[in-house]
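All remarks here apply to the structure that follows.
Predicted model, so just to flag it, every value in this text is computed and none were measured. Every chain is numbered from 1, with letters handed out A, B, ... down the list of sequences.
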There are 2 protein chains.
Amino acid sequence: WIKVEDLYKIYRMGDTAIHALDGVDLNIDQGEMVCLLGPSGSGKSTLLNLLAGLERPDRGSIEIGGIRIDKLKEADVTRFRSLNVGFVFQSYNLINTLDALENVTLGLTFKGYRSTEREKLAKEILEHVGLGDRLHHKPNQLSGGQQQRVSIARAFAGNPKIIFADEPTGNLDTHTSLEVMDLITQMIRDKNQTLIMVTHDEEMTTNADRLLHMRDGKIERSHTRAAP
Amino acid sequence: WIKVEDLYKIYRMGDTAIHALDGVDLNIDQGEMVCLLGPSGSGKSTLLNLLAGLERPDRGSIEIGGIRIDKLKEADVTRFRSLNVGFVFQSYNLINTLDALENVTLGLTFKGYRSTEREKLAKEILEHVGLGDRLHHKPNQLSGGQQQRVSIARAFAGNPKIIFADEPTGNLDTHTSLEVMDLITQMIRDKNQTLIMVTHDEEMTTNADRLLHMRDGKIERSHTRAAP
Ligand SMILES: Nc1ncnc2c1ncn2[C@@H]1O[C@H](COP(=O)(O)OP(=O)(O)OP(=O)(O)O)[C@@H](O)[C@H]1O
Ligand SMILES: Nc1ncnc2c1ncn2[C@@H]1O[C@H](COP(=O)(O)OP(=O)(O)OP(=O)(O)O)[C@@H](O)[C@H]1O
Ligand SMILES: [Mg+2]
Ligand SMILES: [Mg+2]
């Protein structure tokens with residue numbers, strides 16, 4: 001369903017070329033939960049950004065549900081993303097002038113929900129990540145891990161078909177991380193969403209169907225979890 | 001050497017009051033390595049910010065080396081920090097228009113190093129955190145974990161007496177995290193620096209002299225490691 005072939009992303013700096021992605025092949029089924037691991041700088045965020053159409057590859061192809069993401073015009077990629085993709089960024093990317101509730105309802109606006117419905121859904125998911133008493137705090141009135149949870153809530157609200165999560169528990173203590181992972185797993189399984197999650201914490205990978213290990217811009221190995 | 005008495009930080013929002021710090025008492029010796037743990041939102045970043053004089057308490061006192069940090073004028077706090085404190089921020093706070101090398105040499109400017117010396121020291125410490133081939137990358141040309149390591153290098157360059165590190169390995173894979181922790185420990189012990197480090201990862205606390213656990217704005221318990 002997500003098909004990546006021979007993918008390259010190369011940054012040129014002066015006369016050096018950095019192969020952030022150095023030939024990636026990948027196949028992910030709809031409804032699959034995949035964890036992406038690997039050392040700092042190995043290309044995980046770059047792969048996620050290309051899959052979400054936030055950046056263009058230098059070589060290779062990306063197909064999602066039959067659509068060549070890498071060949072779409074900018075406006076069409078943006079539209080595809082707003083209808084189908086939730087993204088949890090490594091540095092959250094919240095809007096600083098909006099509070100937690102508004103940051104989450106904003107994502108729902110583009111999905112066609114009525115305003116009363118949006119507020120109700122947004123409140124619900126913020127409560128599920130433990131932020132029911134932080135709805136009207138702006139990002140600079142929230143702790144790092146609270147901002148991260150708003151970013152998660154925003155990505156999941158409206159149940160997009162695909163979720164890309166870039167280290168969603170990096171700033172959370174173990175207890176809160178496991179609670180968030182249980183919630184994420186439950187939502188994904190319940191709605192048959194496809195999840196690609198970058199993490200440095202092997203403890204967060206227990207529910208994944210497959211683990212992909214990256215190194216130097218390539219997928220070094222793939223490890224399928226035995227079916228229960 | 002660091003003496004905190006009855007410390008409170010209270011945020012008022014409408015008619016609610018949030019006790020980010022709710023009565024903290026603390027004593028840290030010079031040369032001590034302390035790890036601060038606790039759930040998301042428990043007050044760790046707030047405590048670090050107050051100790052570094054980045055924010056003012058609402059009640060209580062903070063004394064470092066005999067100086068009442070909470071009573072200093074703004075210009076004097078800034079001067080104290082530039083001479084004595086290195087800070088690794090939870091969201092790195094790098095300067096986006098400067099590359100990795102410039103971000104680190106900037107911190108050294110205020111400590112009175114000559115420019116040739118600054119560049120040499122900065123290069124050295126960036127190599128030690130594995131970024132020798134990323135010196136001229138700006139923050140947006142670096143991965144999350146690479147930005148975090150620039151932030152660490154900047155805090156440690158110039159060997160300040162005190163280092164406050166807010167989740168310095170949150171975006172690093174385990175292998176890189178352990179390498180960074182070894183380096184940090186070595187530098188701290190070598191120069192008898194005082195370190196207060198927030199972390200969610202108990203694996204990073206093995207070299208600490210003491211662990212402090214926070215909950216709801218208070219230090220819930222303190223756990224001293226047996227001397228080797
Ligand atoms: N400016 C502010 N206004 C209102 N509340 C605030 C403000 N800044 C912080 N808070 C609240 O104070 C509490 C402590 O925040 P702090 O950033 O110290 O937590 P933390 O322990 O560092 O959490 P994390 O592990 O998620 O980084 C949080 O509940 C947060 O919502
Ligand atoms: N705009 C750019 N220009 C030059 N190099 C870049 C640029 N963006 C990323 N890189 C490099 O590409 C490599 C991969 O970056 P990426 O952000 O994908 O790593 P990552 O696996 O997400 O790392 P981390 O775990 O630290 O977040 C890094 O070595 C980085 O320095
Ligand atoms: Mg990354
Ligand atoms: Mg914090």
Side-chain angles (χ1 to χ4, degrees), chain A residues 11-14 16 18 20 36-46 48-49 89-94 99 129-131 133-149 166-167 169-177 179-180 198-203 213-215 217, chain B residues 11-14 16 18 20 36-46 48-49 89-94 99 129-131 133-149 166-167 169-177 179-180 198-203 213-215 217:
Chain A
Y11 294 106
R12 303 205 179 281
M13 306 209 30
T16 41
I18 291 169
L36 189 56
L37 300 113
S40 173
S42 55
K44 308 178 296 296
S45 296
T46 303
L48 247 55
N49 288 342
F89 292 89
Q90 194 166 0
S91 47
Y92 333 138
N93 291 26
L94 298 178
D99 66 24
V129 296
L131 297 177
D133 58 358
R134 292 286 183 275
L135 301 179
H136 302 297
H137 285 234
K138 294 201 168 61
N140 69 356
Q141 296 170 320
L142 292 170
S143 78
Q146 290 167 345
Q147 292 176 42
Q148 191 159 41
R149 284 181 273 160
D166 202 341
E167 304 198 34
T169 65
N171 274 295
L172 299 175
D173 54 287
T174 307
H175 177 80
T176 310
S177 295
E179 285 188 340
V180 163
V198 172
T199 183
H200 283 313
D201 191 347
E202 296 248 10
E203 223 183 316
H213 295 265
M214 284 189 78
R215 182 174 295 280
Chain B
Y11 294 106
R12 304 204 177 280
M13 305 209 32
T16 42
I18 291 169
L36 188 57
L37 299 112
S40 172
S42 55
K44 307 177 297 294
S45 296
T46 303
L48 248 55
N49 289 343
F89 292 88
Q90 192 165 3
S91 47
Y92 334 139
N93 291 27
L94 298 178
D99 67 23
V129 296
L131 297 177
D133 58 356
R134 291 286 183 274
L135 301 177
H136 301 296
H137 286 233
K138 294 199 169 62
N140 68 356
Q141 297 170 319
L142 293 170
S143 77
Q146 291 168 345
Q147 291 176 44
Q148 190 158 41
R149 284 180 273 161
D166 201 341
E167 304 198 33
T169 65
N171 275 296
L172 299 175
D173 53 287
T174 306
H175 177 78
T176 311
S177 295
E179 284 187 342
V180 163
V198 172
T199 182
H200 282 311
D201 190 347
E202 296 248 10
E203 222 182 318
H213 295 264
M214 286 190 77
R215 183 174 295 280

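The heavy-atom pair separating A:Ser42 from A:Gly38 by the smallest distance is OG-C, 3.6 Å. Closest approach of A:Val129 to A:Arg149, counting heavy atoms only: O-NH1, 2.9 Å. Contact record, A:Leu36 with A:Leu48: CD2-CD1, 4.0 Å, taken as the closest heavy-atom pair. Among all heavy-atom pairs drawn from A:Pro139 and A:Leu94, the shortest one is CG-CB, 3.9 Å. Taking all atoms of both residues into account, the shortest heavy-atom contact from A:Tyr92 to A:Gly144 is OH-O, 3.5 Å.
Heavy-atom distances place both the backbone and the side chain of B:Ser40 under 4.5 Å from chain A. Of the two parts of B:Gln147, neither the backbone nor the side chain holds a non-hydrogen atom closer than 4.5 Å to a non-hydrogen atom of chain A. Looking at A:Gln148, there are no atoms closer than 4.5 Å to chain B (heavy atoms on both sides), in backbone or side chain. For B:Ile18, the part lying near chain A is the side chain, with the backbone staying farther off; criterion is any non-hydrogen pair under 4.5 Å. Contacts between A:Glu167 and chain B at a heavy-atom distance below 4.5 Å involve the side chain alone, from C-beta outward.
With sequence neighbours left out, the side chain to side chain donor-acceptor pair (under 3.5 Å) criterion links B:Asp201 to no other residue.
Just one of B:Thr176, B:Asn171, B:Thr169 meets the side chain to side chain donor-acceptor pair (under 3.5 Å) condition when paired with B:Asp173; it is B:Thr176.
The residue among A:Gly43, A:Gly14, A:Ser143 with the most heavy atom pairs within less than 4.5 Å of chain B is A:Ser143. Highest contact tally toward chain A, considering only B:Ala20, B:Ser91, B:Pro39, is held by B:Pro39 [criterion: heavy-atom pairs under 4.5 Å]. Residue with the most contacts toward chain A among B:Gln146, B:His175, B:Glu202, B:Met13: B:Met13 (heavy-atom pairs, distance under 4.5 Å). Taking A:Lys44, A:His136, A:Arg134, A:His137 one by one and counting their heavy-atom pairs under 4.5 Å with chain B, the maximum is reached by A:His137.
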